[in-house]
Amino acid sequence: MQANDPIYIAGHRGMVGGAIKRKLETLGYQNIITRSSGSLDLRKQEDVDAFFAAEKPAYVFLAAAKVGGIYANNTYRAEFLYDNIMIAANVIHAAWKYGVTKLQFLGSSCIYPRMAPQPVKESFLLTGTLEQTNEPYAIAKIAGIKLCEAYRDQYGCNFISVMPTNLFGIGDNYHPQNAHVLPALIRRFHEAKINNRASVTVWGTGTPKREFLFADDLADACVFLMQHYNEKEPVNIGKGEDLTIRELAEYVKDVVCYEGELIFDASKPDGTPRKLMDVSRLRQLGWKHSISLKEGLVMAYRDFLQQHQFKLQS
Ligand SMILES: NC(=O)C1=CN([C@@H]2O[C@H](COP(=O)(O)OP(=O)(O)OC[C@H]3O[C@@H](n4cnc5c(N)ncnc54)[C@H](OP(=O)(O)O)[C@@H]3O)[C@@H](O)[C@H]2O)C=CC1
Ligand SMILES: C[C@H]1O[C@H](OP(=O)(O)OP(=O)(O)OC[C@H]2O[C@@H](n3cnc4c(=O)[nH]c(N)nc43)[C@H](O)[C@@H]2O)[C@@H](O)[C@@H](O)C1=O
């Protein structure tokens with residue numbers, strides 16, 4: 001990737017796409033192409049075709065998707081399958097048709113079997129049954145991986161896939177129901193603090209384990225792999241360390257300085273019991289994260305306060 005190569009970031013207004021854009025700009029890449037979903041709906045094949053024909057990107061980061069936490073995945077099952085399949089199919093097909101030099105597809109750790117042995121290796125894909133709450137999203141993400149592999153096998157396209165663990169960071173979604181656990185808890189603890197509530201309810205039993213990577217670390221890994229990785233096999237991106245949801249809730253409680261009690265609502269789904277990434281492939285390639293969970297939480301809480309402030313004023 002040269003400084004003047006045209007690079008398209010699909011999903012640049014999102015948490016991950018935004019972090020990739022900041023990283024590329026810091027490194028001096030000057031020809032970054034972006035479109036909001038309002039100006040280019042990636043579910044529409046003709047529009048995607050016309051965009052690739054006109055802009056002719058050489059590199060593509062495919063970070064646009066319908067994204068959400070366990071509740072959103074389980075509730076909007078049709079959109080999580082339809083939108084994500086259409087986005088992946090349209091962009092990957094157009095990347096082949098218009099001769100993109102290299103494309104990177106972002107999948108997710110939820111593509112792996114629910115009860116996969118831990119830590120989860122890339123080779124465990126399609127070896128067991130998926131977690132029900134996010135099966136539609138996972139099926140769409142698996143289709144994206146397989147599209148990259150098929151266009152590589154048949155046409156020699158340099159399309160790679162990366163599988164990020166659970167993420168959080170600047171520009172995250174703090175919606176009370178639709179968000180992922182970490183931003184949802186930041187909001188719930190903050191609101192409990194300012195309203196002097198005696199307790200905060202955390203969904204599920206608190207026993208599932210998750211791994212959390214800050215989005216700027218993820219973006220660093222994505223750019224690193226775009227520069228250095230050219231193989232068919234997906235690459236897990238994570239830290240290789242996890243904690244229980246109860247432990248996470250205690251961390252968030254500390255960062256927000258909330259002093260009340262935690263209550264666990266076991267009527268809410270736990271989802272996958274554990275999905276710790278095996279990151280040995282990424283480590284062998286020479287990449288490791290640099291932002292700790294505690295550092296990331298402090299930055300995320302600041303981001304929440306800024307977004308919240310903005311909403312109060314607007
Ligand atoms: N967040 C997480 O914990 C994880 C995320 N990932 C993956 O990382 C990628 C980015 O996720 P994240 O940044 O968190 O998600 P966000 O929801 O923050 O951003 C998603 C982006 O996708 C764009 N988008 C959605 N639908 C369309 C559409 N129909 N046409 C064009 N653009 C669309 C949106 O554009 P606009 O803003 O213009 O509407 C938005 O900017 C996704 O592929 C996701 O699956 C993987 C693992 C974990
Ligand atoms: C990244 C990944 O994200 C999704 O999977 P998930 O890891 O299960 O995501 P989650 O962050 O929503 O939940 C993690 C855990 O946390 C618990 N939990 C507690 N309290 C809240 C809470 O308030 N909100 C949420 N959302 N969860 C909560 C919750 O019950 C669960 O046990 C996939 O659908 C899929 O989209 C995907 O790829």
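For the numbers below, each heavy atom of this structure counts, side chains included, while hydrogens, waters and symmetry mates do not. Both counts, for ligands and for their atoms, begin at 1 and track the order of listing.
- Ranking protein heavy atoms by distance to atom 11 (O) of ligand 1, first place goes to V67 CG2, 3.7 Å.
- Look at L218 and you'll find every heavy atom at least 4.0 Å from all atoms of ligand 1.
- In this structure, the ring of F224 has its center no less than 6.0 angstrom from the ring center of Y229.
- Selection from G14, C110, G11, P164 by nearest heavy atom to atom 19 (O) of ligand 1 gives G14.
- The proximity of D172 to ligand 1, defined as any non-hydrogen pair under 4.0 Å, does not occur for either the backbone or the side chain.
- At the top of the distance list for atom 29 (N) of ligand 1, counting protein heavy atoms only, stands D41 OD1, 3.0 Å.
- Sorted by chain and number, the residues within 4.0 Å of ligand 2 by heavy atom are G68, G69, I70, N73, S108, C110, N134, Y137, N166, A179, H180, V181, A184, R188, V202, W203, P208, R210, I245, P269, D270, K275.
- For ligand 1, one of its N or O atoms has an N or O atom of Y137 under 3.5 Å away.
- Not a single N or O atom of S108, backbone or side chain, sits closer than 3.5 Å to an N or O atom of ligand 1.
- For atom 20 (C) of ligand 1, the nearest non-hydrogen atom of the protein is A65 O, 3.6 Å.
- Note: M115 CE to K275 NZ = 13.5 Å, rounded to the nearest 0.5 Å.
- Taking only non-hydrogen atoms, the option from G107, G171, A179 nearest to atom 46 (C) of ligand 1 is G107.
- Taken from CZ in R152 to NZ in K146, the straight-line distance is 12.5 Å, to the nearest 0.5 Å.
- In this structure, atom 7 (C) of ligand 1 has a protein heavy-atom contact shorter than 4.0 Å.
- Residues passing the side-chain contact (heavy atoms from CB on, under 4.5 Å) test with D254: none are found, sequence neighbours excluded.
- By the 3.5 Å distance cut-off applied to N or O atoms, N166 is not counted among the residues near ligand 1.
- Scanning the protein for heavy atoms near atom 26 (N) of ligand 1, the closest one is I87 CD1, 3.8 Å.
- In this structure, K141 and Y137 have side chains that are in contact, with non-hydrogen atoms separated by less than 4.5 Å.
- Counting heavy atoms under 4.0 Å from ligand 1, residue H12 does not touch it at all.
- Cluster annotation: L276 is not connected to L182 through the hydrophobic network of ILVMFWY side chains, with a link wherever side-chain heavy atoms come within less than 4.5 Å.
- Between D153 and K232, at least one side-chain nitrogen of the basic residue sits less than 4.0 Å from a carboxylate oxygen of the acidic one, meeting the salt-bridge criterion.
- Separation of the Y258 and H190 ring centroids does not fall under the 6.0 Å cut-off.
- Relative ring orientation between Y151 and W96 is described as tilted, the plane-to-plane angle lying within the 30° to 60° band.
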Checklist line | Test log, rule side-chain hydrogen bond (donor to acceptor under 3.5 Å, both in side chains), inputs T101 and N158 | finding: CA-CA 7 Å; T101 305; N158 191 4; over 6 Å; no

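- For E250, the CD atom counts as densely surrounded, since its 6.0 Å shell holds more than 12 non-hydrogen atoms of other residues, nucleotides or ligands.
- Distance from atom 4 (C) of ligand 1 to its nearest protein heavy atom, with residue and atom name: L167 CD1, 3.5 Å.
- Taking the six-membered ring for Trp and thresholds of 30 and 60 degrees, F80 and Y76 have nearly parallel ring planes, at less than 30 degrees apart.
- When non-hydrogen atoms are compared, ligand 1 lies under 4.0 Å from the side chain of K141 (C-beta onward) but not from its backbone.
- If you chain together hydrophobic residues whose side chains sit under 4.5 Å apart, I263 and V181 never meet in one group.
- In summary, K121 and D278 engage in a salt bridge, as defined by a charged side-chain N under 4.0 Å from a carboxylate O.
- Salt-bridge check for K253 with E259: failed, with every basic side-chain N at 4.0 Å or more from each acidic carboxylate O.
- Of the protein's non-hydrogen atoms, L42 N, 2.9 Å is the one closest to atom 30 (N) of ligand 1.
- Not a single heavy atom of M163 lies less than 4.0 angstrom from ligand 1.
- Aromatic pair F304/Y174: centroids less than 6.0 angstrom apart.
- By the 3.5 Å distance cut-off applied to N or O atoms, S37 is counted among the residues near ligand 1.
- In this structure, the ring of Y8 has its center no less than 6.0 angstrom from the ring center of Y59.
- Clustering ILVMFWY residues whenever any of their side-chain heavy atoms sit less than 4.5 angstrom apart, transitively, puts W203 in a cluster other than the one holding F168.
- Looking at L40 against ligand 1, only its backbone comes within 4.0 Å, counting heavy atoms.
- Nearest to atom 48 (C) of ligand 1 among the protein's heavy atoms is T165 O, 3.3 Å.
- Shown in contact with H180 at under 4.0 Å from a heavy atom are these atoms of ligand 1, numbered in order with element: 1 (N), 2 (C), 3 (O).
- For ligand 1, the atoms lying closer than 4.0 Å to a non-hydrogen atom of R43 are 29 (N).
- Between K23 and D216 there is no salt bridge, since no side-chain N of the basic residue sits under 4.0 Å from a carboxylate O of the acidic one.
- When hydrogens are left out, the protein atom nearest atom 10 (C) of ligand 1 is A63 O, 3.3 Å; that is the closest non-hydrogen contact.
- Residue contacts with ligand 1: G38 is placed with no nitrogen or oxygen under 3.5 Å of a nitrogen or oxygen of the ligand (distance criterion only).
- Set against the non-hydrogen atoms of S36, the atoms of ligand 1 under 4.0 Å away are 38 (O).
- Numbered from 1 in the order shown, with element, the atoms of ligand 1 that lie under 4.0 Å from a heavy atom of R13 read 36 (P), 37 (O), 38 (O), 39 (O), 41 (O).
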